[in-house]
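Below, chains carry the letters A, B, ... as their sequence lines are ordered, and counting in each starts from 1.
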2 protein chains.
Amino acid sequence: MRATLADVAARAGVSLATASRVINKSSHNVTPELKKRVLDAVRELNYVPNAHAQALVKKQTTTVGVIVHDISDPYFAQIARGIQKVASEAERLLIICNSYRNPDRELAYIDLLRSQRVDAIILAGSGLNNLDFNHSVSKQIEGFISSGGKVAFIGRHYTPGNAVLPDNVGGALLMGRFLVEQGHQHIGVITGPATLTTTDDRLKGFHIALEEAGLQLPESYIIEGDFSRDGGTLAMQELLARDLPLSAVFALNDPMAIGAMSVLRANRIHVPQDISVAGFDDIPMAEDINPALTTIHIPLIELGRKAMEMVLSENESSQFEIRHVPSKLVIRESVVEFGR
Amino acid sequence: MRATLADVAARAGVSLATASRVINKSSHNVTPELKKRVLDAVRELNYVPNAHAQALVKKQTTTVGVIVHDISDPYFAQIARGIQKVASEAERLLIICNSYRNPDRELAYIDLLRSQRVDAIILAGSGLNNLDFNHSVSKQIEGFISSGGKVAFIGRHYTPGNAVLPDNVGGALLMGRFLVEQGHQHIGVITGPATLTTTDDRLKGFHIALEEAGLQLPESYIIEGDFSRDGGTLAMQELLARDLPLSAVFALNDPMAIGAMSVLRANRIHVPQDISVAGFDDIPMAEDINPALTTIHIPLIELGRKAMEMVLSENESSQFEIRHVPSKLVIRESVVEFGR
DNA sequence: TTGAATATGGAAAACGTTTTCCAATCATTT
DNA sequence: AAATGATTGGAAAACGTTTTCCATATTCAA
């Protein structure tokens with residue numbers, strides 16, 4: 001069947017110990033002659049070490065677990081890309097899990113990753129609220145950390161654990177100010193799920209900008225989306241049905257902005273001439289749609305890179321770090337001055 | 001440190017054997033009373049079984065390895081989505097690896113997955129040519145299969161192994177005929193990497209359509225891209241520089257079509273009035289760009305689903321199956337009749 | 001009360017590797 | 001020729017689980 005190290009040793013006519021010395025490049029010297037015989041045997045038998053046996057004895061795995069909402073969502077795809085980059089430089093293997101923001105699934109995946117004895121867990125786009133977290137997850141995470149595991153959260157901070165956080169409040173503030181500057185006073189807002197802190201923070205930043213300008217944001221101008229493109233279309237349809245004097249729409253992420261634009265287009269409402277549309281995140285396709293999307297740039301790849309770096313660092317696993325990354329306004333074509 | 005099954009048994013005041021019986025729901029009966037004690041101990045100690053120890057003794061892992069070109073490329077993201085769907089229904093864990101079409105990395109990943117003793121490997125978007133494959137990979141794959149592993153390829157078929165294949169020739173034929181019907185005679189083609197059979201097949205289908213119509217496709221109208229958005233922009237720039245009387249451009253996948261459109265837009269060439277643009281694959285964003293992309297629909301999620309199903313089936317792992325999935329033409333806005 | 005059936009415990013092998021310890025062999029130097 | 005050092009082998013423990021076998025204890029029915 002499958003070749004074991006013992007098979008390799010037998011084939012090479014050496015002892016198990018010697019074969020292991022060759023393969024693990026141990027400090028012990030091995031004659032070039034024997035070395036060659038072992039390596040030949042490895043090739044001939046097509047031997048690959050059993051990672052499970054190794055994990056068992058070495059008590060580490062060089063694998064890292066990543067839990068995201070949905071890997072095919074461009075936001076998470078970009079983050080995963082950053083993670084991957086660092087991971088492959090450091091020769092770590094990634095186990096990627098889609099939670100679809102389902103708390104139960106998220107919990108199940110954490111257990112699964114623990115049972116895989118991953119060296120670290122990166123959690124991005126969690127659907128857990130603080131209650132969930134304190135109730136059950138924190139205990140799991142604590143156990144994981146106390147047994148030497150590393151944890152990093154992206155986009156949200158729980159204790160214990162490292163975190164890398166985009167500046168959601170600041171970004172929304174920037175966009176709010178920009179829209180106001182452009183003369184918009186009646187701005188519809190399509191939010192994310194109300195349970196997510198990302199939604200709260202972005203909404204908060206936007207509120208501050210309006211307050212600064214002495215403007216109101218009536219309840220009827222706000223509608224809850226789900227951060228998906230189709231959620232954006234639904235929300236936009238509902239917003240149109242409310243028949244408000246909108247001059248701009250601020251979607252709290254890009255896919256929803258794109259969904260909203262498609263609804264506007266279907267209704268022969270021109271963007272940006274009739275209504276301006278703004279997004280958030282700056283996913284790659286933001287510059288490819290027409291009109292190109294004015295949005296807030298979040299360095300998604302950077303987010304992933306940083307998280308992976310944290311988790312790879314040699315710090316005491318009980319020493320936590322929180323890193324913030326700035327956002328910035330990217331002005332493209334989908335927002336214009338009111339009345340032009 | 002970390003709780004073991006022995007710890008659980010001790011805490012519950014039962015034998016190791018009994019604890020194992022409870023946890024593995026073995027056919028042996030255990031008194032409700034003891035069962036409860038064991039389950040309580042599991043909870044109190046926050047016990048999760050060591051998957052590596054299990055893998056070692058059970059000789060299977062319930063994990064499946066997936067190698068793709070790049071998970072953040074929408075083509076592969078959609079395929080991965082299909083795979084994930086079936087995988088999570090079947091309670092399989094996925095290890096996703098990005099090869100970036102680098103043959104060496106691809107080989108390294110296959111070895112890595114073998115060392116992880118995954119139950120199956122799905123390979124999508126391989127950068128290996130037949131030579132590579134026959135030279136080194138086939139041996140690895142054969143070894144994997146002969147030790148009970150399952151293999152499925154997506155988009156390309158190697159022996160041995162299952163495969164699920166989109167109809168690239170047929171799809172390109174459809175698009176070719178459509179463009180011709182619309183009166184286009186001077187059509188630029190942006191291909192994928194010349195090493196990929198996908199490129200060959202799509203080009204072949206297009207050639208057939210032109211031949212049917214008695215049209216030529218001069219070399220100068222063909223330019224090689226790399227299936228990426230930015231590759232599409234480069235190719236389009238080069239194509240424009242050649243100063244041909246183009247009335248349409250056929251990009252052999254959607255991201256390149258989108259890149260091409262952005263170049264045309266930058267050059268104030270209107271799509272589709274001045275030049276029609278066609279894509280291939282029908283990734284989700286194809287309908288969100290403006291003008292919406294006319295393209296060939298490949299059921300990407302289905303591709304992933306089928307591959308996973310094959311790999312999960314109880315067939316003899318040496319019995320191979322090849323499944324074809326049809327493509328279809330999706331007419332949107334980016335292609336119009338010549339001269340209109 | 002005996003017998004049978006059921007529940008539990010104890011002990012051990014097996015999975016494939018790494019690591020350690022000591023002994024044995026060999027070549028090289030003094 | 002003896003001493004030194006390097007190389008190799010042999011054997012065993014350890015990692016945490018599953019599974020098997022047998023022994024013991026308990027329960028229930030006849």
Side-chain angles (χ1 to χ4, degrees), chain A residues 1-39 41-42 45-63 111-112 114-119 147-148, chain B residues 1-39 41-42 45-63 111-112 114-119 147-148:
Chain A
M1 288 296 292
R2 224 166 222 158
T4 70
L5 188 53
D7 298 334
V8 170
R11 171 117 191 180
V14 301
S15 72
L16 217 175
T18 310
S20 174
R21 280 172 198 139
V22 172
I23 288 175
N24 296 301
K25 306 183 180 70
S26 88
S27 54
H28 282 257
N29 288 330
V30 178
T31 324
E33 149 71 7
L34 283 197
K35 201 169 193 167
K36 182 176 179 316
R37 272 174 25 209
V38 171
L39 262 19
V42 165
L45 295 175
N46 216 334
Y47 168 77
V48 272
N50 184 319
H52 300 293
Q54 289 179 320
L56 211 48
V57 42
K58 301 222 284 211
K59 289 169 167 296
Q60 41 155 333
T61 56
T62 73
T63 63
D111 264 354
L112 191 147
R114 292 210 303 147
S115 89
Q116 293 289 325
R117 298 296 188 263
V118 295
D119 298 334
S147 61
Chain B
M1 289 295 291
R2 225 166 220 156
T4 70
L5 187 54
D7 298 334
V8 170
R11 171 119 192 176
V14 301
S15 71
L16 217 175
T18 309
S20 174
R21 279 171 198 140
V22 172
I23 288 174
N24 297 300
K25 306 183 180 72
S26 87
S27 54
H28 283 255
N29 287 331
V30 178
T31 325
E33 149 71 6
L34 284 197
K35 200 170 195 166
K36 180 176 179 315
R37 274 177 20 210
V38 171
L39 262 19
V42 165
L45 295 176
N46 217 337
Y47 168 78
V48 271
N50 184 318
H52 300 293
Q54 289 179 320
L56 210 48
V57 42
K58 300 221 287 212
K59 290 167 166 297
Q60 40 155 336
T61 55
T62 72
T63 63
D111 264 353
L112 192 148
R114 292 209 303 148
S115 88
Q116 293 290 324
R117 298 297 189 261
V118 295
D119 298 335
S147 61

**OP:** Would you mind building the protein contact string for nucleotides 11-17 of chain D? One character per nucleotide, 5' to 3', B for base within reach (heavy atoms under 4.0 Å), S for sugar-phosphate only, - for untouched.
**Re:** ----BBB
**OP:** Start with the C-alpha distance between B/R117 and A/V48, add both sets of side-chain angles, then the distance that settles side chain to side chain contact (heavy atoms under 4.5 Å, CB included), and finish with yes or no.
**Re:** CA-CA 10 Å; B/R117 298 297 189 261; A/V48 272; 3.8 Å; yes
Subject >> From CA spacing to verdict: side chain to side chain contact (heavy atoms under 4.5 Å, CB included), A/T18, A/R21 >> reply: CA-CA 5 Å; A/T18 310; A/R21 280 172 198 139; 4.0 Å; yes
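Applying the side chain to side chain donor-acceptor pair (under 3.5 Å) test to residues at least two apart or on different chains, the pairs with a partner in residues 50-61 of chain A are A/H52-B/H52, A/T61-A/T63, A/T61-A/D119.
Of all heavy-atom pairs between A/A19 and A/A9, the closest is CB-CB, 3.9 Å.
Whole-Å rounding puts the A/R37 CZ to D/dT7 C1' distance at 13 Å. Here C/dA7 presents its C1' atom at 13 Å from NZ of B/K35, a figure rounded to the nearest Å.
Side chains of A/L39 and A/V22 form a contact here, defined as non-hydrogen atoms less than 4.5 Å apart.
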